[in-house]
Amino acid sequence: MKTQLVAFITTLLFANVAFAGSDYLIKLDKDPTSAAYLQATLPEGAIVEDLGIANWHRVQVPDSTQGEAMLQSLQAKSFVKMTQKNYKLGLFANPSLVQNQALQALIANPQNDSPFPIPDNPGSGSSDNPDIPTSGSGGSGADPLFNRQWGMDQANVRQAWQNTKGSSEIVVAVIDTGVDYTHEDLVDNLWRNPGETGRDAQGRDKATNGIDDDQNGYVDDTIGWDFVTNDNKPYDLSVSGLEIITTGGNPGHGTHCAGNVAARGDNGKGIAGVAPNVRIMSLRFLSEKGQGTTADAIKAVRYAVDNGAQILSNSWGSVGEDPNDREGNQALRDAVTHSMNQGTLFVAAAGNGKQGRGYDNDSDSQPAYPASYQMENIISVAAIDVNGNLGSFSNWGRRTVDIGAPGVAVFSTTVGDKYDDTVIEFFGQKITWDGTSMATPHVAGAAALYWSAYPNKTWREVKSAILNSVQTTNQLSGKTVSGGQLDASAMMNN
Ligand SMILES: [Ca+2]
Ligand SMILES: [Ca+2]
Ligand SMILES: [Ca+2]
């Protein structure tokens, strides 16, 4: 058992997950007949799906031995512009877990047969999708756990609220592992698709009539979409405490991120997000294992942009694209470019080391994607602690990482109506919510506040307001483009 455990842990630390077998992304030319030519060219049983951005299509071939031959044949066709693998994407490993000394000791000394107390992770390990509530129970008054959110003071969020606490017209897409949409402090701030609300011509509830009332390609998508299982319940399914420690996986990542964007303020419950009155669109493309594919990320980006989100919060990255790979993930780049062309802001976690390891990583020389892409609508976010120091795990980059924000031991909403700054405790040690993943929602929330106050500004102006108003610090000078940390109050006056 112990040897197995160490093998699992080693896998967690050092696995560099490659693309799936015969699963490709094919970019066709603009000719509308090309999709039919593509289908006709493919072997029997191949599945083609239009991803809706830049003529990219996903092609899956059941027999993996046919893949390479198919690809070579396709590359010779005039209607095929480009081909690539459907790279896997994923959560960045939790650095507090990877760096844990007790775990390191266990790896170094697998013979150590001291008992290994595996705790359960309350509120996690959920494996079913609850129904979507139409609304919460309301409530008013101060948010009792707000004082646990040290990042709110550090980023001067309360002063920013003197201007606005956000508009319900502003929607932030949390593109992640899903959201606990039943959470008492999130349910009242969920984006509700107006096209799937109300009654249809037959008097049925559009939310549950099984019809794509707004014809956006998704049936009964009332609060977002689950691109992993292709349904309308993007719940934040998570793995057990044992799995988190041994094989990794999702501990409720999307729910934690959503809370710092827009947990409901002044409802007498829990906490408050940076923008306590804006809306959260839940787009799940990472599974309970913490992994997803480029194709599903592209569909999530497209959904966000098409359905009214102005800010895309992206606490994930590439685990399959080596920066030195000549081929690269052009399909994902095209999706980010699409988000820019459609006027949205793409806030992205700078990354926890190169592909989740090798900390103290300079993204200028060792990029992490998508944060390091050159598209101008990206804000790449590093993680800082309560003292303003760069998290030991956080990527930085004088030219490629834009700003620091709270990302060490961050308190937020967790799955099952809970709140925490701790993922799990074992060996008497806390694995806290650490990561550039946690920093990113603070900046996404700040962007939402600013856009609420100045709805006619462009993404470029919003980004400038955030970066030009930072509190400059010695710790971030020379390590980030702006040389400082998020200051929401100064931002509102910028
Ligand atoms: Ca629909
Ligand atoms: Ca419907
Ligand atoms: Ca609250």
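Quantities reported herein were computed from a predicted structural model and do not represent experimental measurements.
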Under 3.5 Å side-chain donor-acceptor pair for [X] and [Y]:
| X | Y | answer |
| --- | --- | --- |
| Asp213 | Asn209 | yes |
| Asn329 | Thr294 | yes |
| Asn277 | Ser168 | no |
| Thr432 | Asp421 | no |
| Asp221 | Asn216 | yes |
| Thr413 | His256 | no |
| Asp334 | Gln330 | yes |

Counting distance only, does the side-chain N/O of [X] pair as donor-acceptor with the main-chain N or O of [Y] below 3.5 Å?
| X | Y | value |
| --- | --- | --- |
| Gln291 | Leu286 | no |
| Asn395 | Ala350 | yes |
| Asn352 | Ser394 | no |
| Asn387 | Asn389 | no |
| Trp150 | Ala409 | yes |
| Asn314 | Val347 | yes |
| Arg192 | Thr134 | yes |
| Thr344 | Ser339 | yes |

pair [X]-[Y]: side-chain heavy atoms closer than 4.5 Å:
| X | Y | answer |
| --- | --- | --- |
| Tyr235 | Val415 | yes |
| Leu190 | Thr222 | no |
| Leu25 | Leu51 | yes |

Using 4.0 Å as the upper bound for N to carboxylate O, is an ion pair formed by [Y] and [X]?
| X | Y | result |
| --- | --- | --- |
| Glu49 | Lys299 | yes |
| Asp23 | Arg58 | yes |
| Arg284 | Asp176 | no |

How many angstroms lie between atom [atom1] of [X] and atom [atom2] of [Y], to the nearest 0.5 angstrom?
| X | Y | atom1 | atom2 | value |
| --- | --- | --- | --- | --- |
| Leu486 | Leu476 | CG | CG | 11.0 Å |
| Leu283 | Thr177 | CG | OG1 | 11.5 Å |
| Thr293 | Lys85 | OG1 | NZ | 15.0 Å |
| Asp226 | Leu237 | CG | CG | 7.5 Å |
| Asp236 | Cys257 | CG | SG | 9.0 Å |
| Asn260 | Met438 | CG | CE | 8.5 Å |

- Query: Any chance the rings of Tyr218 and Trp225 have centres within less than 6.0 Å?
  - Reply: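 Here the rings of Trp225 and Tyr218 have centres that are less than 6.0 Å from each other.
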- Hey, would you say the Phe346 and His338 ring centroids sit under 6.0 Å apart?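 Not close enough - the centres of the two rings lie 6.0 Å or further apart.
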[X] to [Y] - nearest heavy-atom pair and separation:
| X | Y | value |
| --- | --- | --- |
| Arg302 | Ile53 | CB-CD1, 3.8 Å |
| Gly351 | Thr436 | N-OG1, 3.1 Å |
| Leu91 | Gly249 | CD1-O, 4.4 Å |

- Starting from the C-alpha separation in whole Å, work towards a yes-or-no answer on salt bridge (charged side-chain N to carboxylate O under 4.0 Å, His left out) for Asp214 and Lys206. CA-CA 9 Å; Asp214 59 353; Lys206 286 184 184 175; over 6 Å; no
- Can you label the angle between the Phe411 ring and the Tyr419 ring as parallel, tilted or perpendicular, going by 30° and 60°?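 Parallel, since the angle between the ring planes stays under 30°.
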- Message: What verdict does the side-chain contact (heavy atoms from CB on, under 4.5 Å) test give for Asp188 and Ser135, after you've listed the backbone C-alpha separation in whole Å, the side-chain angles of each residue and the deciding distance to 0.1 Å?
- Response: CA-CA 6 Å; Asp188 285 322; Ser135 67; 3.9 Å; yes
